[in-house]
Every structure is written in C-alpha cells, then in structure tokens.
Amino acid sequence: MPKSHSFQAASLLPLAQKAEPSLLALLRQMVEIESPSHDFAAVNRCVEAVAEMGTRMGATVRRHRSKISGDVLELRFASRKKGRPLLLLGHLDTVWAMGTLAKMPYRHIQKDGEERICGPGVLDMKGGVAMALTALDILQQQELLKRPVTLLLVGDEEVGSDFSRPITERLAQESSAVFVLEPGQGLEGAYKTSRKGVATTCCALTALR
C-alpha cells in the first residue's frame, strides 16, 4: 500500500475514537426504536429516524415505500470525483418482537476492562448501520470521500427481502463494489466474504411462476 494511503488510514483512528460517544448515542437511538420485521409501522419509524440523519449529513434521500413490508431507505453521498458508487448494504428490521426492549433494554456494560453493548438489534444489525453512518460522517468532514457512496437499508431482510430484492439487485449492478454491514465473525471481527442463504417453499413457487 502506498505510504500516503497508510498515513491517511492511521490518521483516521483518532477521529474514529473521538466519534465513539456519538456513535454509541446513535446506536442507542436506533436500538430504542424497536423494529420487528412484521410490524411495518415500527420498521418505518426507524427508517424515518435514519432518513433524518441522512438529511442532516447532506445525503440525497430516497424512500422506497412498500405495502408488504417496512420501507427501503436509499441514501446517496456525493463526492468531488464522479464514477460508479460504492454500495453499503444493510437492514433496519430485526427478529425481536415489540416489547423486547422492556426485558432486554439497551445496556453499555463496562467491567474488568471489557465493554459490551446489549439490546435488541445491536449486533444484527443496527451496530453496522451506526458504524457506516459514523464513518461516512468522518470522511465527509475530512473531505476524504473519494467516490460516491450509496447506503441502502432495507426493511424486510429478516423475512426474505421480497420487496427490497429488485432494488438491491439494480443498485448492485450500478455499483463498483458492494459491502454488507453484517457483523464480523467472532471476537476477532474477521471480515465476512460470503453469507449462507435459505429458500422457502414460497420463494421456490415464486421462482417457478
């Protein structure tokens, strides 16, 4: 890697450390907006909150409205250089039912030199969304966003992505690369290069029509 790139990456670390309190505040805000997949209104409350964040960050906001699931949020961040964008893909729906927050609230636990964040949707995957928004904010403030970035957050990932799939496929084809914001593997945070998938009878019948 060229020295200029190495220095740039190293210089971002203190900025990321400085942004950690705001990142955690953002994560808590999203976690405390419960968003189970089958409660479309709940998912959309989270969509609305993140859309407002995107607007404050100067993104171009497009909301794809759905009648069969939570909506899909498309945030486009411009850069001085043109070209095919980088696509960051995530979701705002969770597997946790409404009311889970009452018995499993957001908690930031610090004990014996270790830290844990607990709450419905922290790991899968509001943590990834919060980190993406924070990283984009840092890069924008430092004028280091070298290419356009699209942040696509779907509202039906946990239930098969029936509504969001064609949107995701279209934007992926328009992009130079796609990175999914799912959590890393284990305590080492290993980067995931593939994901398993499942097919249901409903999906199979749809494909055969």
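What you see below is based on every heavy atom in this structure, not just the backbone, and it leaves out hydrogens, waters and symmetry mates.
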Query raised in the report: By salt bridge (Lys or Arg N to Asp or Glu O under 4.0 Å), which residues pair with R80, not counting sequence neighbours?
Result: none
Query raised in the report: Distance from E143 atom CD to S79 atom OG, nearest 0.5 Å?
Result: 12.0 Å
Requested in this report: Would you mind listing the cluster partners of I117? Hydrophobic ones only (ILVMFWY), side-chain contacts under 4.5 Å, chaining allowed.
Outcome: L23, L24, L27, V31, L101, Y106, V122, M131
**Report entry** Residues that S35 engages under side-chain contact (heavy atoms from CB on, under 4.5 Å), provided they are two or more places apart
**Finding:** V43, C46, T94, K126
Query raised in the report: Which ILVMFWY residues are connected to M104, directly or by a chain of links, through side-chain heavy atoms under 4.5 Å apart?
Result: V95, W96
Requested in this report: State the CG-CG distance between D71 and L92, to the nearest 0.5 angstrom.
Outcome: 10.5 Å
Query raised in the report: Sequence neighbours excluded, which residues qualify as side-chain hydrogen bond (donor to acceptor under 3.5 Å, both in side chains) partners of D156?
Result: S164
Requested in this report: Would you kindly say whether H91 and D124 are connected by a side-chain donor-acceptor distance under 3.5 Å?
Outcome: yes
Query raised in the report: For the residue pair G70 and F40, what are the closest heavy atoms and their distance?
Result: N-CD2, 3.8 Å
**Report entry** Verdict with supporting geometry, E169 and E174, side chain to side chain contact (heavy atoms under 4.5 Å, CB included)
**Finding:** CA-CA 9 Å; E169 290 177 341; E174 296 173 1; over 6 Å; no
Query raised in the report: Hey, what do you get for OG (S69) to CG (D39), rounding to the nearest 0.5 Å?
Result: 12.0 Å
Query raised in the report: Are side-chain heavy atoms of R147 and S176 found at a separation under 4.5 Å?
Result: yes
Query raised in the report: Between E34 and K103, does at least one N-O distance fall below 4.0 Å, as a salt bridge requires?
Result: no
Report task. Please answer: with hydrophobic residues joined when any side-chain heavy atoms are less than 4.5 Å apart, are M125 and L123 in the same cluster? Result -> no
Report summary line: Those residues at least two apart in sequence (or on a different chain) that pass side-chain contact (heavy atoms from CB on, under 4.5 Å) with H64 are R62, V72, E74, F163, I167, R170
Query raised in the report: With Q110, which residues qualify under side-chain contact (heavy atoms from CB on, under 4.5 Å), at least two apart?
Result: H108, E115
Query raised in the report: Could you give all pairs that pass the side chain to side chain donor-acceptor pair (under 3.5 Å) test and reach residues 131-140, with sequence neighbours left out?
Result: D137-Q141
Query raised in the report: Quick one: salt bridge (Lys or Arg N to Asp or Glu O under 4.0 Å) partners of R84, sequence neighbours excluded?
Result: none
Query raised in the report: CG of L89 to CG of L153: how many Å apart, nearest 0.5 Å?
Result: 8.0 Å
Query raised in the report: To the nearest 0.5 Å, how far apart are CE in M98 and NE2 in H38?
Result: 14.0 Å
Query raised in the report: Out of V154, V47, L151, V129, which residue meets the side-chain contact (heavy atoms from CB on, under 4.5 Å) rule with L73?
Result: V47
Query raised in the report: So L87 and L152, side chain to side chain contact (heavy atoms under 4.5 Å, CB included) or not? Walk me through it.
Result: CA-CA 7 Å; L87 178 62; L152 184 67; 3.9 Å; yes
Query raised in the report: Applying salt bridge (Lys or Arg N to Asp or Glu O under 4.0 Å), which residue pairs with at least one partner in residues 45-58 are found, sequence neighbours left out?
Result: E48-R63
Query - Full working for side chain to side chain contact (heavy atoms under 4.5 Å, CB included) between V149 and L75 - result: CA-CA 8 Å; V149 174; L75 303 177; over 6 Å; no
**Report entry** Stepwise side chain to side chain contact (heavy atoms under 4.5 Å, CB included) test for Q29 and M53
**Finding:** CA-CA 11 Å; Q29 180 184 353; M53 298 172 203; 3.7 Å; yes
Query raised in the report: Who passes salt bridge (Lys or Arg N to Asp or Glu O under 4.0 Å) against R28, sequence neighbours left out?
Result: E32
Query raised in the report: If you take all heavy atoms of A42 and I33, which pair is closest and at what distance?
Result: O-CG2, 4.4 Å
Query raised in the report: Got a second to check how far R76's CZ is from T60's OG1, nearest 0.5 Å?
Result: 8.5 Å
Report task. Identify whether L15 and M57 are in the same connected component of the hydrophobic contact network (ILVMFWY, side-chain heavy atoms under 4.5 Å). Result -> yes
Query raised in the report: By side-chain contact (heavy atoms from CB on, under 4.5 Å), which residues pair with A177, not counting sequence neighbours?
Result: L86, F179
